[in-house]
Amino acid sequence: MKISELSARSGVAVPTIKYYLRERLLPEGERSAPTQASYDDAHVQRLGVIRALIAAGVSIAEIRRVVATLDSPPESAHELLGAAHAAITPTGDDTPDLTAAEELVAGLGWKPGMSDPAVLRAVARALNGLSSAGFEVPPDVMATYLASVREIADAEIAGVPTASPEAAVQYVVLGSALVEPLLLALRRVAQQVASAERFGAEGL
């Protein structure tokens with residue numbers, strides 16, 4: 001299909017498609033003439049992933065990392081999903097000690113090599129933030145966190161599509177970028193419901 005047809009199929013404007021081509025987010029089409037190229041369904045799929053990532057607030061640099069993973073996918077689906085998570089996890093300028101983070105995520109069934117270091121560093125930074133504020137999550141609450149998060153993860157991973165690497169990456173990235181704010185909002189509603197049931201209208 002011509003670039004105009006690709007635009008019509010994908011809903012992405014031609015100038016935007018050309019920008020993605022220049023940024024090497026979208027693979028080149030098959031050249032039929034010096035100034036013409038033909039595109040196929042793979043380009044439509046890739047545009048869907050790019051637009052979904054942008055809608056989720058993922059930067060061009062991060063999208064380039066996701067695209068690099070799609071262009072040279074790891075051998076296993078597990079590594080592919082880990083790479084997708086790593087691509088949208090803030091890297092930070094520090095290298096925190098991972099000891100406490102590794103001890104905590106062991107409660108999720110984690111073992112060395114199971115997750116990308118960038119994700120573990122994010123856990124370590126969160127723990128450091130709690131420590132700096134002098135706040136400690138009670139052990140019974142932390143145990144509930146771990147059990148609940150693992151149950152959510154099991155359900156999510158069971159739903160990962162296997163039709164293509166693009167479909168799997170889109171599911172994981174959007175499930176992180178778009179669903180995590182929903183989970184946070186639901187948690188706050190649940191806290192208010194639990195508070196109302198415990199304290200009623202009288203307060204503390």
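Model, not experiment: these values are computed from the prediction.
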Sequence neighbours excluded - side-chain hydrogen bond (donor to acceptor under 3.5 Å, both in side chains) pairs with any residue from residues 97-110: Asp97-Thr99, Trp110-Ser115
Inter- and intrachain pairs under side-chain hydrogen bond (donor to acceptor under 3.5 Å, both in side chains), touching residues 118-135, at least two apart: Asp94-Arg125
What residues form a side chain to side chain contact (heavy atoms under 4.5 Å, CB included) with [X], not counting sequence neighbours?
X      : result
Ser76  : His78, Glu79
Val189 : Val193
Pro161 : Ala167, Tyr171

Rounded to the nearest 0.5 Å, what separation is found between the [atom1] atom of [X] and the [atom2] atom of [Y]?
X      : Y     : atom1 : atom2 : answer
Ser38  : Glu5  : OG    : CD    : 10.0 Å
Asp41  : Met1  : CG    : CE    : 5.0 Å
Leu104 : Leu98 : CG    : CG    : 12.0 Å

Residue list, side chain to side chain donor-acceptor pair (under 3.5 Å) with Arg65, at least two apart or on another chain: none
Partners passing side chain to side chain donor-acceptor pair (under 3.5 Å) against Gln45 (at least two apart in sequence or in another chain): none
Residues clustered with Leu186, ILVMFWY side-chain links under 4.5 angstrom: Leu182
Which atom pairs, donor and acceptor, lie under 3.5 Å between side-chain atoms of residues 17-28 and protein residues at least two apart or in another chain?
unit_1, atom_1, unit_2, atom_2, d
Tyr20, OH, Arg51, NH1, 2.6
Glu23, OE1, Arg64, NH2, 2.6

Same apolar cluster (I L V M F W Y, side chains within < 4.5 Å links), Leu184/Val179: no
Transitive ILVMFWY side-chain link Val49 to Ile54, under 4.5 Å: yes
Salt bridge (charged side-chain N to carboxylate O under 4.0 Å, His left out) partners of residues 126-143, not counting sequence neighbours, each pair once: none
Sequence-distant partners of Asp40, salt bridge (charged side-chain N to carboxylate O under 4.0 Å, His left out), two or more places apart: none
Exceeds 12 heavy-atom contacts within 6.0 angstrom, atom CZ of Arg188: no
Residues Val67, Arg46; criterion side-chain contact (heavy atoms from CB on, under 4.5 Å); working and verdict: CA-CA 9 Å; Val67 165; Arg46 178 63 59 87; 3.3 Å; yes
List, one per line, each side-chain donor-acceptor pair under 3.5 Å for residues 145-153, sequence neighbours excluded.
unit_1, atom_1, unit_2, atom_2, d
Tyr145, OH, Arg187, NH2, 3.4
Ser148, OG, Thr144, O, 2.9
Arg150, NE, Asp154, OD1, 2.8
Arg150, NE, Asp154, OD2, 3.3
Arg150, NH1, Leu108, O, 2.6
Arg150, NH2, Asp154, OD1, 3.4

